[in-house]
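To start, the structure itself, in structure tokens.
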Amino acid sequence: MKKEVTQAKVKIRKGDLVKVIAGDSKGQQGKVQEVLVAKSRVIVEGINLVSKHTKPNAATPNGGIIKKEAALHISNVQLVDPKSGKTTRVGRKLNADGKLVRVAKISGEEIK
């Protein structure tokens, strides 16, 4: 019998401002470009850059070495509170319209 793998609830979304809390890029901030839910990873703008060797093609006629963002594990980034600018955990609350929204645990501010 095969065991089903369940995925944890992802609390970080595309467009969120996050801070890297572990690894080589520790302390840097950037916007989330992509969330890879199945792999529990995020790609953050300008962070965790790797050198990629490319062959010449139509897009890059000369080829060469380009810098590209690599994925970080989601546990190594933390959301930045929109009010205080500090890192915060994410909670969920019902707003006035009765819709479930994400809120910052530190300030209680709604995360847009």
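Since we're looking at a predicted model, the values are computed, not measured.
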Problem - Donor-acceptor contact present, side-chain Asn95 to main-chain Asp97, <3.5 Å - result: yes
Problem - Point-to-point distance, once rounded to the nearest 0.5 Å, from CG of Asn48 to CD of Gln28 - result: 9.0 Å
Handout entry: Val44-Val37 co-clustered via ILVMFWY side chain contacts under 4.5 Å
Key = yes
Practice task
May I ask you to test the Val77-Ile12 pair for a side-chain heavy-atom distance under 4.5 Å?
Solution key: yes
Practice task
Give a yes or no on whether Val10 and Leu36 share a hydrophobic cluster (residues Ile, Leu, Val, Met, Phe, Trp, Tyr; joining criterion: side-chain heavy atoms under 4.5 Å apart).
Solution key: no
Exercise for the section: Test side chain to side chain contact (heavy atoms under 4.5 Å, CB included) on Ile74 and Arg41 and set out the steps. Expected result: CA-CA 5 Å; Ile74 209 154; Arg41 293 185 167 270; over 6 Å; no
Practice task
Could you please spell out the steps behind the side chain to side chain contact (heavy atoms under 4.5 Å, CB included) verdict for Val18 and Gln29?
Solution key: CA-CA 6 Å; Val18 294; Gln29 284 187 6; over 6 Å; no
Practice task
For the pair Gln78 (side chain) and Lys19 (backbone), establish whether a donor and an acceptor sit closer than 3.5 Å, ignoring hydrogens and angles.
Solution key: no
Practice task
Indicate, with yes or no, if Val90 and Val35 share a hydrophobic cluster defined by side-chain heavy-atom contacts under 4.5 Å among Ile, Leu, Val, Met, Phe, Trp and Tyr.
Solution key: yes
Handout entry: Within-4.5 Å side-chain heavy-atom neighbours: Ile66 and Lys52
Key = yes
Handout entry: Contact check, side chains of Glu69 and Gln33, non-hydrogen atoms, under 4.5 Å
Key = yes
Handout entry: Donor-acceptor contact below 3.5 Å, side chain Ser51 vs main chain Ile65
Key = no
Practice task
Measure across Val20 and Leu72 and return the closest heavy-atom pair with its distance rounded to 0.1 Å.
Solution key: CG2-CD1, 3.9 Å
Handout entry: Inter-residue atom distance Glu45.CD - Lys31.NZ, 0.5 Å rounding
Key = 7.5 Å
Validation: residues 104-112 side-chain donor-acceptor distances under 3.5 Å, sequence neighbours left out:
from	atom 1	to	atom 2	distance (Å)
Ser107	OG	Asp81	OD1	2.9
Ser107	OG	Asp81	OD2	3.1
Ser107	OG	Glu109	N	3.2

Practice task
Please confirm whether the backbone N or O of Ala59 pairs with a side-chain atom of Asn57, one donor and one acceptor, at under 3.5 Å?
Solution key: yes
Practice task
Could you go through the salt bridge (charged side-chain N to carboxylate O under 4.0 Å, His left out) check for Arg102 and Asp16 one step at a time?
Solution key: CA-CA 12 Å; Arg102 297 181 305 153; Asp16 285 349; 2.8 Å; yes
Completion exercise
Closest heavy-atom pair, Ser25 versus Ile47, reported as atoms and distance to 0.1 Å, is CB-CG2, 3.5 Å
